[in-house]
Amino acid sequence: MVQPIQKILVTGGAGYIGSTTCVALLEAGFSIVVVDNFSNSSRTPLDRVLEIAPGSLVTYEVDVRDTQGLGEVFAVESVDAVVHFAGLKAVGESVANPLNYYDVNVGGAVALLQVMQEHDVRNLVFSSSATVYGDPEVSPIVESAPLVGTNPYGRTKLIIENMLRDLAAADPSWSIACLRYFNPVGAHPSGRIGEDPLGVPNNLMPFIMQVAVGRRKDLVVFGGDYPTPDGSCIRDYIHVMDLALGHLAAIRALGDISGCEEINLGTGTGSSVFEVHEAAQRAVGETIPMRVGGRRPGDAASCFADTSRAMRLLDWRATRTLDDMCADAWRWQSQNPTGYQ
Ligand code: NAD
Ligand code: UD1
């Protein structure tokens, strides 16, 4: 008989999506073991996770590339499944320092999978990204669309995905949900945990919120001449709480997955940069300075998910609106103007 999943190891659990997912998993009654090296986070989010959702959560400061350290965690904690968030995610940084990205993302995944195999743990939920679709020819994007890595970060995700497919083909006792996130934004509705980028944010929502809170002068819209209805790029923004619940659904579905399943996590609806700016102004209740600048190299005009596979395999769909995303992002940003510092 297949053992029910009770204890989950969450790598990168102190990060933006990891901490929010910890809340969802604790609220659902799971025990959690977090492994994080705090290279892009601190213990504070985990303290706040336990404030929001008191439960069983232990933390180990271990690098996922450290097979010995990971092995010790697996030896002490009998975990039933792993959610693997730990990794580096900034596209520009990956172009400037590719080896570090291959080392942490690919090396970390190899080390983790080896230790999981040694300890007979074959249930995995992996954080992939819609970046694996590159510049998609058509949206909504289905999981069978062509895959292409357009920068080192994207290529690390593609390499890991291929590795997971090879592993599952060699040993179908693995159950792997490879979740391709679209654009995660927003924060836990308590305003206690959220996204805390170091330096100048690369992504749209944290940038807008930092303008709103007075940390930056104005939002520069990267291109107003795209072949879209209002000329700005279209993306599928998904509330991080919906994303967290998607992970919960994936954990629950692992028992029905034999091998590796790729699943889009998005809302299925695209919003333009101008629409996000307007929604942010509604949430903040003030004008947010904005101007239109040149295109950012590498940006696709339009990218949003076909979500039918997530609905079918996970019985999950996103329910939160763009206004919810902006309201929660603003609550987090206004209550924590300098993030966790
Ligand atoms: P994040 O940086 O907030 O969280 C990542 C966590 O992993 C951090 O706590 C960091 O300290 C930890 N970490 C990094 N390297 C580590 C290592 N070698 N050993 C142990 N811990 C390590 O990022 P996030 O936004 O929460 O993203 C989580 C995952 O989701 C990443 O794999 C990312 O590529 C993927 N993803 C994110 C987005 C997004 O927009 N945020 C989109 C698609 C996919
Ligand atoms: C980016 C990454 C992608 C990664 C994702 C989530 C690139 C090319 N892609 O996706 O690999 O998975 O983040 O981390 O970097 N925008 C502005 N002004 C800004 C910031 C953004 O107009 O100051 C626009 C962008 O042009 C884009 C949209 O807002 O059209 C969303 O940008 P962003 O949040 O960076 O996400 P992606 O580009 O979709």
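In listed order, ligands and their atoms are each counted from 1. Since we're looking at a predicted model, the values are computed, not measured.
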May I ask you to decide if Arg192's main-chain N or O and Arg48's side chain share a donor-acceptor pair within less than 3.5 Å? yes
Per-atom filter on ligand 2: closer than 4.0 angstrom to a heavy atom of Asn202 are 20 (C), 35 (O)
What is the nearest protein non-hydrogen atom to atom 26 (O) of ligand 2, stated with its residue, atom name and distance? Asp299 OD2, 2.6 Å
Tyr133 and Asn264 side chains, donor-acceptor separation under 3.5 Å: yes
How far is atom 4 (C) of ligand 2 from its nearest protein heavy atom, and which residue and atom name does that atom have? Tyr153 CE2, 4.3 Å
Does ligand 1 have any N/O pairs with the protein under 3.5 Å, and how far apart?
| residue | atom | partner | partner atom | Å |
| --- | --- | --- | --- | --- |
| ligand 1 | 2 (O) | Asn40 | ND2 | 2.6 |
| ligand 1 | 3 (O) | Tyr16 | N | 2.9 |
| ligand 1 | 9 (O) | Gly15 | N | 3.2 |
| ligand 1 | 9 (O) | Asp36 | OD1 | 3.3 |
| ligand 1 | 9 (O) | Asp36 | OD2 | 2.6 |
| ligand 1 | 9 (O) | Ser41 | OG | 2.7 |
| ligand 1 | 11 (O) | Asp36 | OD1 | 2.7 |
| ligand 1 | 11 (O) | Ser39 | N | 3.1 |
| ligand 1 | 11 (O) | Asn40 | N | 3.0 |
| ligand 1 | 11 (O) | Ser41 | OG | 3.2 |
| ligand 1 | 13 (N) | Asn37 | OD1 | 3.4 |
| ligand 1 | 18 (N) | Asp63 | OD1 | 3.0 |
| ligand 1 | 18 (N) | Asp63 | OD2 | 3.4 |
| ligand 1 | 19 (N) | Val64 | N | 2.9 |
| ligand 1 | 21 (N) | Asn37 | N | 3.1 |
| ligand 1 | 21 (N) | Asn37 | OD1 | 3.2 |
| ligand 1 | 25 (O) | Lys89 | NZ | 2.8 |
| ligand 1 | 26 (O) | Tyr16 | N | 3.3 |
| ligand 1 | 26 (O) | Ile17 | N | 2.8 |
| ligand 1 | 32 (O) | Phe85 | O | 2.8 |
| ligand 1 | 32 (O) | Lys157 | NZ | 2.9 |
| ligand 1 | 34 (O) | Tyr153 | OH | 2.8 |
| ligand 1 | 34 (O) | Lys157 | NZ | 3.0 |

Starting from atom 34 (O) of ligand 2, what is the nearest protein heavy atom, named by residue and atom, and what distance separates them? Leu204 N, 2.9 Å
Can you tell me if Phe274 contacts ligand 2 (heavy atom of the residue under 4.0 Å from the ligand)? no
Tyr101 and Tyr153 aromatic ring geometry - parallel, tilted or perpendicular at 30°/60° bounds: perpendicular
Looking only at the side chains, is there a donor atom on one of Tyr60 and Glu77 sitting less than 3.5 Å from an acceptor on the other? yes
Do other residues, nucleotides or ligands put more than 12 heavy atoms under 6.0 Å from Arg317 CZ? no
Counting heavy atoms only, which of Leu219, Thr131, Asn151 comes nearest to atom 11 (O) of ligand 2? Thr131
Ligand-side contact atoms (ligand 2) for residue partner Val221, heavy atom cut-off under 4.0 Å: 22 (O)
Tell me every residue that passes side chain to side chain donor-acceptor pair (under 3.5 Å) with Ser232, counting only those two or more places apart in sequence or in another chain. Asp230
Strictly by modelled atom types, are Thr11 and His84 linked by a side-chain donor-acceptor pair under 3.5 Å? yes
Polar proximity ligand 2 side, Arg235 side, N/O cut 3.5 Å exclusive: yes
Check whether Arg215 reaches the backbone of Met209 with its side chain - one donor and one acceptor, N or O, closer than 3.5 Å. no
Side-chain donor-acceptor pair present, Ser39, Asn37, cut-off under 3.5 Å: yes
Considering heavy atoms of the protein only, find what lies nearest to atom 38 (O) of ligand 2 and give residue, atom and distance to 0.1 Å. Arg296 NH2, 2.7 Å
Nearest protein heavy atom to atom 13 (O) of ligand 2, by residue and atom, and its distance? Asn203 ND2, 3.0 Å
In ligand 2, which numbered atoms sit nearer than 4.0 Å to a non-hydrogen atom of Cys233? 30 (O)
Could you check atom 10 (O) of ligand 2 against the protein and tell me its nearest heavy-atom contact, residue, atom and distance included? Asn183 ND2, 4.2 Å
Nearest-option assignment for atom 31 (C) of ligand 2, heavy atoms, candidates Tyr237, Phe182, Phe222, Tyr181: Tyr237
For the pair Asp36 (side chain) and Ala14 (backbone), establish whether a donor and an acceptor sit closer than 3.5 Å, ignoring hydrogens and angles. yes
Under a 4.0 Å threshold between the charged nitrogen and the carboxylate oxygen, would Asp218 count as salt-bridged to Arg216? no
Report yes or no: do Tyr237 and Thr267 form a side-chain donor-acceptor pair below 3.5 Å? no
Could you establish whether Ser129 and ligand 2 come within less than 4.0 Å of each other, counting only heavy atoms on the residue side? yes
Checking heavy atoms under 4.0 Å, the part of Tyr226 that sits near ligand 2 is neither
Drop me the distance from Arg309's CZ to Glu262's CD, to the nearest 0.5 angstrom. 6.5 Å
Between Asp47 and Thr44, is there a side-chain donor-acceptor contact under 3.5 Å, judged purely by atom types and distance? no
Nearest protein heavy atom with distance in Å, relative to atom 18 (N) of ligand 2: Val220 O, 2.8 Å
Nearest non-hydrogen protein atom, atom 15 (O) of ligand 2: Val91 CG2, 3.6 Å
